[in-house]
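Okay, so here's the structure we're looking at.
Remember, it's a predicted structure, so these values are computed and weren't measured experimentally. Chain naming here is simple, since letters A, B, ... match the order of the sequence lines and numbering starts at 1 in each.
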Protein chains: 2
Amino acid sequence: MKPESRKQEIVNAAAILFKEKGYSAVTMRDLATAMGIKAASLYNHIQSKQEILSTIIIELAEEFTTGMNLIVNSDQSAIRKLENIISLHIDVTLRNADGLASLNNDWMHLEEENLLSFEKMRNDYEENFRQIVRKGVDAKEIKSNNIEIIVFSTLSTLRTLYLWYPKQKNIDAGILKKDMIAVLLQGVV
Amino acid sequence: MKPESRKQEIVNAAAILFKEKGYSAVTMRDLATAMGIKAASLYNHIQSKQEILSTIIIELAEEFTTGMNLIVNSDQSAIRKLENIISLHIDVTLRNADGLASLNNDWMHLEEENLLSFEKMRNDYEENFRQIVRKGVDAKEIKSNNIEIIVFSTLSTLRTLYLWYPKQKNIDAGILKKDMIAVLLQGVV
DNA sequence: TTATCAAACTAACAATTGTTAGTTTTGTTC
DNA sequence: GAACAAAACTAACAATTGTTAGTTTGATAA
């Protein structure tokens with residue numbers, strides 16, 4: 001066990017609180033109480049409340065961006081790429097479910113460059129996703145229902161994993177991936 | 001066009017703001033500015049900020065509860081029931097996409113009885129959903145992947161419709177329902 | 001012991017929050 | 001135009017917000 005830096009401990013505690021009540025509803029005093037210290041003491045380790053949020057979100061966004069780039073540039077079928085995307089989301093969710101709450105619900109409270117860079121990463125991510133599906137349809141690997149609906153429904157599910165996963169007890173990552181791939185790609189009927 | 005009550009206008013304006021920034025980050029002065037009046041004037045029409053939130057959420061929750069009860073008690077196949085649930089979500093979303101943002105993201109800021117009654121409605125809703133899927137699996141209508149994953153993935157998509165639908169231009173409700181049913185039930189492969 | 005440094009503390013600030021009280025404006029009805 | 005109600009206003013409040021300044025504590029190294 002490598003000891004976590006005090007800052008990282010604060011960021012982790014904040015992610016849990018942000019998940020429960022949202023960024024705006026969590027006060028620095030709430031966070032300090034959760035850490036067992038006074039609010040002012042937090043500022044020995046972090047620069048601002050905003051810095052906590054951006055630390056949580058940007059790091060996760062970069063993980064997704066890196067993962068997606070690897071997948072997009074790989075030489076695989078569209079279906080395989082979709083499977084890898086599902087796997088990526090599950091991996092990130094298992095590692096940091098709390099932080100994903102902020103990424104999903106509080107990104108709009110980012111400021112300046114962080115907001116812009118987040119929005120760019122998210123748009124690029126979605127565009128990559130869309131392109132994979134499009135190519136899959138062209139290659140007749142994927143049913144040409146409505147491409148936008150496929151992208152939307154798959155991404156909705158993957159983005160909500162952070163809420164659902166913690167409620168499942170002792171679920172194995174490998175089984176989860178297999179089942180999720182089956183449901184999302186082969187359907188339920 | 002029936003004239004909306006001033007209170008309803010305020011609630012509608014609030015729903016839009018809550019969607020953009022979340023309940024906690026929207027101040028009564030923000031809302032007043034959006035209405036073109038001063039913050040204090042809002043209180044001629046509403047009792048509190050909290051009342052606005054509960055008006056938005058409880059009404060929607062009751063719509064879902066009513067709709068779900070009709071479907072559960074109907075005499076149809078499990079697949080048909082799932083189709084009707086999809087249809088229900090689309091109908092509610094088309095009618096009040098803004099309010100659904102609060103229902104999805106700000107329900108935890110409800111207080112007292114409203115919080116309890118919301119949580120009960122949501123749990124009952126999910127339990128009904130789960131039971132329909134379970135019966136469908138028993139009747140061999142539905143593939144027995146992982147029931148929890150089916151419930152989760154379908155519900156995730158339906159709950160996120162409020163974000164996606166407004167970005168689609170001039171999409172016909174009937175076509176949307178058909179396509180959504182196809183993707184969610186028959187899959188994409 | 002002494003010096004050092006991270007990490008806690010107390011005390012306070014200026015700004016913002018939801019809300020109230022009391023008053024004025026606006027528009028409709030007799 | 002008098003009367004009335006709806007809906008706006010001004011002014012202020014007590015509480016809470018993120019944050020800063022300066023100080024004390026506690027452990028480690030010299």
- Task: Using the side-chain contact (heavy atoms from CB on, under 4.5 Å) rule, pick out the option among Val151(A), Asp138(A), Thr154(A) that qualifies with Val133(A).
- Result: Val151(A)
- Task: Encode nucleotides 12-23 of chain C as B, S and - characters from 5' to 3', where the letter depends on protein heavy atoms closer than 4.0 Å: B to the base, S only to sugar-phosphate, - to neither.
- Result: B----BBBBB--
- Message: Suppose we screen for side-chain contact (heavy atoms from CB on, under 4.5 Å). Which residues come up paired with Gln8(A), at least two apart in sequence or across chains?
- Response: Glu4(A), Ser5(A), Val11(A), Asn12(A)
- Message: Give me each pair satisfying ring-ring contact (aromatic ring centres under 6.0 Å, His included) with a member in residues 63-86 of chain B, each pair once, sequence neighbours excluded.
- Response: Phe64(B)-His89(B), Phe64(B)-Tyr125(B)
- Tell me: CZ of Arg6(B) to C1' of dT26(C), nearest whole Å? 13 Å
- Message: Between Lys120(A) and Glu127(A), does any NZ, NE, NH1 or NH2 come within less than 4.0 Å of an OD or OE carboxylate oxygen?
- Response: no
- Query: Does Ser41(A) put a side-chain nitrogen or oxygen below 4.0 Å from OP1 or OP2 of dA7(C)?
  - Reply: no
- Query: Is there any salt bridge (Lys or Arg N to Asp or Glu O under 4.0 Å) pair reaching into residues 144-173 of chain A, and which pairs are they, with sequence neighbours excluded?
  - Reply: Glu126(A)-Arg159(A), Arg130(A)-Glu148(A)
- Item | Residue pairs involving residues 81-104 of chain B (criterion salt bridge (Lys or Arg N to Asp or Glu O under 4.0 Å); sequence neighbours excluded) | Lys19(B)-Asp98(B), Glu63(B)-Arg95(B), Arg80(B)-Glu83(B), Asp91(B)-Lys177(B)
- Query: Would you say a side-chain N or O of His45(B) is under 4.0 Å from OP1 or OP2 of dA7(D)?
  - Reply: yes
- Message: Glu9(B) vs Arg6(B), test: salt bridge (Lys or Arg N to Asp or Glu O under 4.0 Å). Steps then yes/no.
- Response: CA-CA 5 Å; Glu9(B) 289 182 55; Arg6(B) 202 75 176 115; 2.9 Å; yes
- Item | Residues from residues 103-116 of chain A lying under 4.0 Å of DNA chain C - heavy atoms | none
- Please state how far atom NZ in Lys38(B) lies from atom P in dA7(D), giving the value in whole angstrom units. 19 Å
- Note on the structure: Closest non-hydrogen atoms of Ile57(A) and Ser102(A), given as atom of the first, atom of the second and distance, are CD1-O, 3.6 Å
